[in-house]
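See structure below.
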Amino acid sequence: VTDSAPRFVAMDRPGWKIVHADSEEKGDKEGPAALLLDGDKSTIWHTEYQNRRPGYPHEVVVDMAKERTSSGFYYTPRANRGNGTIENFEFYVSRDGSDWGKAVVAGSFSEHDQGGESFEVLFDEPVTARYFKLVATSAMFDDSNESPFASGAELGMLEPAADKSG
């Protein structure tokens, strides 16, 4: 018998807010970085594309309202992994929102593709922080780098699933 219960689950996000985004388009369902935390996979953050097209890297900083211990993070790209879907990334954590240190993890979301709608990236060991920062350094399907966009539907942290075996 195999236990298919998830080892890690998404943290609840009450009080979480975006405190910085280097670029965001204006809009209701597409654009503002706050849409990464709204729980609605049909709304997306998207970097500017109408008046400006700022280049990489792109970054988003989240304040989790209090220190939390996390085992990893998840990133849900826009539906069908459309333009701006992040490929290469760096992920940082901070207790104070200003001292970031070195990346907790960096890599390619393709390396973390579990075949679902979200990418889950586990840390080598749990980290405790109040803030986290996702830095996008390239997008999928943009080998020419002509479209320096970043986008996403949801973003959050992972924690161990509750042990129901006891």
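Neither L35 nor F119 shares a network with the other; the hydrophobic side chains, linked directly or stepwise wherever heavy atoms of I, L, V, M, F, W or Y lie under 4.5 Å apart, form separate groups for each. Note on L122 and L155: separate hydrophobic clusters, where clusters join Ile, Leu, Val, Met, Phe, Trp and Tyr whose side-chain heavy atoms are under 4.5 Å apart, directly or indirectly. Linking ILVMFWY side-chain heavy atoms closer than 4.5 Å, directly or via other members, places M157 and Y92 in two distinct hydrophobic clusters. Residues L158 and L37 are members of separate hydrophobic clusters, defined by side-chain heavy-atom contacts under 4.5 angstrom among Ile, Leu, Val, Met, Phe, Trp and Tyr. M64 and V127 fall within the same hydrophobic cluster, where Ile, Leu, Val, Met, Phe, Trp and Tyr residues are linked whenever their side-chain heavy atoms come under 4.5 Å apart, directly or through other members.
Remark: Y74 engages no residue in a ring pair (Phe, Tyr, Trp, His ring centres under 6.0 Å) (not counting sequence neighbours). Remark: P57 pairs with V135, T137 by the side-chain contact (heavy atoms from CB on, under 4.5 Å) rule, at least two apart or across chains. With sequence neighbours excluded, the residues satisfying salt bridge (Lys or Arg N to Asp or Glu O under 4.0 Å) with E67 are R95. Evaluation of the side-chain contact (heavy atoms from CB on, under 4.5 Å) rule for K29 yields T43 as partners, not counting sequence neighbours. Evaluation of the side-chain contact (heavy atoms from CB on, under 4.5 Å) rule for D96 yields S94, S98, D99 as partners, not counting sequence neighbours. The salt bridge (Lys or Arg N to Asp or Glu O under 4.0 Å) check on K41 picks up E117, with sequence neighbours excluded. Residues satisfying the ring pair (Phe, Tyr, Trp, His ring centres under 6.0 Å) test with Y131, not counting sequence neighbours, are none. Shown here are the salt bridge (Lys or Arg N to Asp or Glu O under 4.0 Å) partners of D12, two or more places apart in sequence or in another chain: there are none. The salt bridge (Lys or Arg N to Asp or Glu O under 4.0 Å) test applied to R81 returns D113, not counting sequence neighbours.
Counting heavy atoms from C-beta outward, H20 and D22 have side chains that approach closer than 4.5 Å. Counting heavy atoms from C-beta outward, E30 and E25 have side chains that stay 4.5 Å or more apart. In this structure the side chain of I86 reaches within 4.5 angstrom of the side chain of L134, judged on heavy atoms. The closest side-chain heavy-atom distance from S70 to R68 is not below 4.5 Å. Counting heavy atoms from C-beta outward, V62 and I18 have side chains that approach closer than 4.5 Å.
The CZ atom of R53 sits 11.5 Å away from the CD atom of E48 when rounded to the nearest 0.5 Å. Interatomic distance, T69 OG1 to F123 CZ, rounded to the nearest 0.5 Å: 11.0 Å. With rounding to the nearest 0.5 Å, the separation of OG in S23 from OH in Y49 is 11.0 Å. If you take CD1 on I44 and OG1 on T76, they are separated by 12.5 Å, rounding to the nearest 0.5 Å.
What you find for H46 and N83 is that their closest heavy atoms are NE2-OD1, 2.9 Å. Among all heavy-atom pairs drawn from V9 and A161, the shortest one is CG1-CB, 3.9 Å. Considering all non-hydrogen atoms of both residues, F8 and S71 come closest at CE2-CB, 3.3 Å. Among all heavy-atom pairs drawn from A150 and W45, the shortest one is CB-CH2, 3.6 Å. Nearest approach of G55 to P148, heavy atoms of both residues: CA-CB, 3.8 Å. For the pair D38 and A153, the tightest heavy-atom approach, listed with the atom from each and the gap, is OD1-O, 4.5 Å.
For F73 and F89, the ring centers are positioned less than 6.0 Å apart.
Applying the side chain to side chain donor-acceptor pair (under 3.5 Å) test to pairs two or more places apart or on separate chains, those with a residue in residues 149-161 are R13-E154. Judged as a salt bridge (charged side-chain N to carboxylate O under 4.0 Å, His left out), the pairs with a partner in residues 124-135 (not counting sequence neighbours) are, in order, D63-R130.
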Counting only pairs under 3.5 Å, give me each side-chain donor-acceptor contact of residues 100-109, with atom names and distances, residues two or more places apart or in other chains.
unit_1	atom_1	unit_2	atom_2	d
S108	OG	E87	OE2	2.1
S108	OG	S110	N	3.2

